[in-house]
Trainee: 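Dropping a structure here in structure tokens format, bear with me for questions.
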Number of protein chains: 2
Amino acid sequence: MTTDAPGRRQVTLRDVAQLAGVSVATASKAINGKAEVSAETRRRVLDVAERLSFTPNALARAMLDGHTGTVGLLTHDLEGRFSLPILMGAEDAFGAGRSSVLLCDSRGDAIREQHHLSTLLGRRVDGLIVVGSQTDARPPLGRDLPVPVVYTYAPSTDPADASVVPDNVTAGRIAVEHLLATGRRRIAHVSGDVTYAAATDRAAGADAALAEHGLERVGPVRYGSWSEAWGRSSVAALLEQDVDAVVCGSDQIARGVLDALHDRGVRVPDDVAVIGFDNWEPMIAGCRPALTSIDMNFQIMGRRAAERLFASQEGRDPGGVETVTPRVIVRESTGG
Amino acid sequence: MTTDAPGRRQVTLRDVAQLAGVSVATASKAINGKAEVSAETRRRVLDVAERLSFTPNALARAMLDGHTGTVGLLTHDLEGRFSLPILMGAEDAFGAGRSSVLLCDSRGDAIREQHHLSTLLGRRVDGLIVVGSQTDARPPLGRDLPVPVVYTYAPSTDPADASVVPDNVTAGRIAVEHLLATGRRRIAHVSGDVTYAAATDRAAGADAALAEHGLERVGPVRYGSWSEAWGRSSVAALLEQDVDAVVCGSDQIARGVLDALHDRGVRVPDDVAVIGFDNWEPMIAGCRPALTSIDMNFQIMGRRAAERLFASQEGRDPGGVETVTPRVIVRESTGG
DNA sequence: AGCGTCACCGAAAACCGTTTCGGAAGGTTT
DNA sequence: AAACCTTCCGAAACGGTTTTCGGTGACGCT
């Protein structure tokens with residue numbers, strides 16, 4: 001009466017060969033599609049391999065060709081809702097290329113990051129993806145690392161490193177252009193923490209788009225915090241001027257704005273259009289009316305990071321910062 | 001002018017030994033703190049190791065002792081906000097025990113799950129944690145797996161398997177007991193999709209707690225969907241009866257209820273108390289007033305799953321389903 | 001029949017970096 | 001001189017896979 005020990009030994013190539021009545025060498029060739037095996041033998045081997053659900057030992061392979069087929073993913077905070085779509089995009093791309101992801105969360109701690117770095121290098125990952133916590137640049141992991149590194153969300157401070165980042169300037173531009181296209185002209189801007197590059201970049205893009213159309217923002221960019229509460233409390237000041245649209249620095253802020261407008265009897269989108277950033281489903285799901293939002297395409301960012309990592313491994317990535325273009329998701333709040 | 005190719009070959013123990021002028025064997029002992037090395041030699045070896053930033057190859061080590069120090073984490077949907085805290089809890093526990101996490105997302109697809117299973121086994125993980133998508137039981141991964149498995153969130157249908165699940169019945173009970181303790185007596189219940197065990201379990205626990213105090217629920221359990229919209233639209237029916245508290249199946253539903261009550265001028269918590277489940281920060285952050293909620297302690301679940309996996313590896317886990325007790329986070333909406 | 005060619009297969013080596021085992025050199029104690 | 005430490009080294013083992021290379025039998029050609 002033991003604990004039902006997970007005893008079953010792993011199936012090896014030798015087991016397959018034995019059961020198929022061939023040598024290990026032949027079994028290997030059959031499975032790897034090498035030429036010098038008769039069709040009949042190959043079929044038999046493959047049959048047995050299937051039946052035993054044989055999986056070649058990745059470690060043994062790694063020893064031979066020097067590639068482990070694993071990549072390290074170093075994130076700064078899993079909690080943040082930005083890491084997740086990036087991670088999914090990357091996992092997707094790697095899954096297709098038969099690489100596996102070793103996940104490490106440094107919790108924003110540089111010491112922990114270094115520690116995770118050495119374990120990952122000890123496991124001989126083929127590459128690393130580093131996911132930052134803000135869009136502000138961060139110092140590179142280290143010099144002369146034995147594997148390629150791609151920074152994402154936050155670029156490396158070294159412009160020669162490979163980085164994939166969201167394009168917040170264009171995001172701001174797209175938001176304004178959408179509002180202009182739907183006939184708005186008097187556009188105000190409420191955003192989050194001014195110390196975040198994401199906030200100022202979006203504002204810069206928005207202003208640029210306005211300027212190109214010979215318009216000016218209504219009022220200052222009202223920086224505050226990334227919260228619904230800030231969105232709500234900003235509305236009083238906003239309505240002191242004549243506005244027909246509000247660009248909100250995040251979906252959370254937008255939701256606060258929507259709430260406050262609703263309480264004051266301001267109709268959306270009839271009187272005022274509202275647009276947010278991030279296209280964060282759970283936040284948007286509850287908005288009334290449904291919120292138009294700029295999707296930063298984080299999942300695509302993750303995929304691009306993975307693709308560039310592959311390219312780096314083959315020595316054909318030029319390095320440098322690459323931006324991912326966001327897209328607008330039109331819903332009711334802008335009168336779509 | 002090459003791309004600063006991360007060409008630097010990985011540093012091996014042999015390199016260190018050579019440069020330190022000792023044999024590989026001695027270098028190994030020096031680095032691993034074995035006794036039979038003179039202090040002088042040890043210092044020299046460690047110096048060189050440091051200078052070359054030598055990192056021992058974990059794969060080679062794995063060959064010797066048979067343990068890779070990696071565990072597979074198979075999740076059904078990363079998007080779901082439940083996987084994440086579980087993952088964090090597990091990553092935490094593993095990080096402390098020097099194990100690394102190989103992450104796979106099966107996207108709710110059984111085929112993909114099997115595929116990921118084979119790759120993980122091919123990488124010779126020391127164990128597996130499977131994170132389900134609902135709290136309903138799920139079929140085990142397979143028979144006679146060569147490594148221990150711990151199921152979490154969703155238990156395995158085989159009661160002998162090791163499972164760690166949230167205790168939704170107790171969660172419902174705790175919610176009601178909190179309301180009773182703050183003086184409420186006429187308690188209604190709005191919940192999500194009736195096909196989710198999480199919904200019916202919570203309701204069962206809530207009803208049980210009421211019964212123990214000689215009370216009955218006001219009206220039926222109003223099952224619907226896990227959305228704010230459902231929370232809002234349920235309020236009309238709720239207010240047809242005299243209620244002084246509403247148990248909501250999730251924070252989202254609770255938020256919808258709060259919104260609708262606010263629109264109708266019903267004061268919270270003065271007239272009606274509201275309580276939710278999951279303690280989902282981003283949803284709660286925007287609630288007015290701040291929402292009291294039952295935290296299912298997912299992070300603890302993840303940690304327990306990791307701990308039981310360790311125990312299994314040493315053959316000292318008895319198997320069976322373990323529940324994690326939730327806790328109430330008191331905020332304004334229940335007049336705390 | 002004898003020979004060469006060809007397709008197929010198997011035994012054994014190579015492979016990787018680490019740890020460990022047995023032993024050896026040299027000095028010290030008994 | 002024997003016994004014993006200390007300190008180090010060479011070589012084996014580890015565990016699977018892939019690869020090399022020589023062998024075997026069938027077959028065609030003269």
Side-chain angles (χ1 to χ4, degrees), chain A residues 9-46 48-49 52-70 98 118-119 121-126 146, chain B residues 8-46 48-49 52-70 98 118-119 121-126 146-147:
Chain A
R9 197 175 48 80
Q10 293 268 17
V11 179
T12 81
L13 189 57
R14 185 216 303 276
D15 301 325
V16 176
Q18 221 151 27
L19 203 57
V22 298
S23 75
V24 195
T26 306
S28 171
K29 286 175 225 163
I31 286 175
N32 294 351
K34 292 294 163 76
E36 33 180 70
V37 183
S38 73
E40 143 71 9
T41 308
R42 184 185 306 276
R43 200 188 44 69
R44 206 167 67 242
V45 171
L46 288 177
V48 174
L52 299 186
S53 60
F54 163 75
T55 315
N57 186 327
L59 276 62
R61 275 211 174 132
M63 279 197 308
L64 290 179
D65 64 14
H67 300 294
T68 54
T70 58
R98 336 201 177 302
S118 10
T119 32
L121 291 180
R123 295 194 190 290
R124 296 298 186 266
V125 292
D126 297 332
Chain B
R8 299 229 48 62
R9 196 176 51 79
Q10 291 271 12
V11 180
T12 80
L13 190 57
R14 183 215 304 274
D15 300 326
V16 176
Q18 222 150 27
L19 204 57
V22 298
S23 74
V24 193
T26 306
S28 170
K29 285 175 216 157
I31 285 175
N32 294 350
K34 292 293 163 77
E36 33 181 74
V37 182
S38 73
E40 144 68 9
T41 308
R42 183 185 308 277
R43 198 189 45 67
R44 209 169 63 243
V45 171
L46 288 178
V48 174
L52 301 186
S53 58
F54 165 74
T55 318
N57 186 326
L59 275 61
R61 279 202 172 140
M63 276 200 317
L64 292 177
D65 64 14
H67 300 294
T68 54
T70 59
R98 336 198 181 306
S118 353
T119 35
L121 291 180
R123 295 195 189 290
R124 295 299 187 266
V125 292
D126 297 333
V147 295

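Letters A, B, ... mirror the listed sequences (proteins, then strands); counts begin at 1. Worth saying up front: this structure is predicted, and the values here are computed from it rather than measured.
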Trainee: To the nearest Å, give me how far apart CD (Q18(A)) and C1' (dG10(C)) are.
Mentor: 14 Å
Trainee: Applying side-chain hydrogen bond (donor to acceptor under 3.5 Å, both in side chains), can you list everything that pairs with N57(B), at least two apart in sequence or on another chain?
Mentor: none
Trainee: Are V11(A) and S53(A) close enough, and set up right, to give a side-chain contact (heavy atoms from CB on, under 4.5 Å), and what steps lead you there?
Mentor: CA-CA 8 Å; V11(A) 179; S53(A) 60; 5.5 Å; no
Trainee: Nearest of dC9(D), dC9(C), dT7(D) to any side-chain atom of S23(B)?
Mentor: dC9(D)
Trainee: Can you name the residues that form a side-chain contact (heavy atoms from CB on, under 4.5 Å) with A49(B), not counting sequence neighbours?
Mentor: V16(B), I31(B), F54(B)
Trainee: Nearest-Å distance, NE2 (H67(A)) to P (dC16(C))?
Mentor: 13 Å
Trainee: Tell me, please, which residues at least two apart from S38(A) pass side-chain contact (heavy atoms from CB on, under 4.5 Å).
Mentor: E40(A), T41(A)
Trainee: List in chain and number order the residues that pass side-chain hydrogen bond (donor to acceptor under 3.5 Å, both in side chains) with Q18(A), two or more places apart in sequence or in another chain; answer none if no residue qualifies.
Mentor: none
Trainee: Who are the side-chain contact (heavy atoms from CB on, under 4.5 Å) partners of S23(B), not counting sequence neighbours?
Mentor: A25(B), T26(B)
Trainee: Describe, as an angle rounded to 10 degrees, how the axis at the first end of the helix from dA1(C)-dT30(D) to dT30(C)-dA1(D) is tilted relative to the axis at the last end, five pairs per end.
Mentor: 60°
Trainee: Under 4.0 Å, counting only non-hydrogen atoms across every strand here, what does G21(B) touch: a base, just sugar-phosphate, or nothing?
Mentor: sugar-phosphate
Trainee: When the side chains of residues 61-70 of chain B are checked against the rest of the protein, which donor-acceptor pairs come out under 3.5 Å, sequence neighbours left out?
Mentor:
from   : atom 1 : to      : atom 2 : distance (Å)
R61(B) : NH2    : N32(B)  : OD1    : 3.4
D65(B) : OD1    : H67(B)  : N      : 2.9
T68(B) : OG1    : T70(B)  : N      : 3.4
T68(B) : OG1    : T70(B)  : OG1    : 2.9
T68(B) : OG1    : R124(B) : O      : 2.7
T68(B) : OG1    : D126(B) : OD1    : 3.3

Trainee: Name all residues meeting the side-chain hydrogen bond (donor to acceptor under 3.5 Å, both in side chains) criterion together with R123(A); count only those two or more places apart in sequence or in a different chain, and write none if there are none.
Mentor: S100(B)
Trainee: Generate the contact string for nucleotides 17-25 of chain C. Rules: B means base contact, S means sugar-phosphate contact only, - means no protein heavy atom under 4.0 Å.
Mentor: BBBBB----
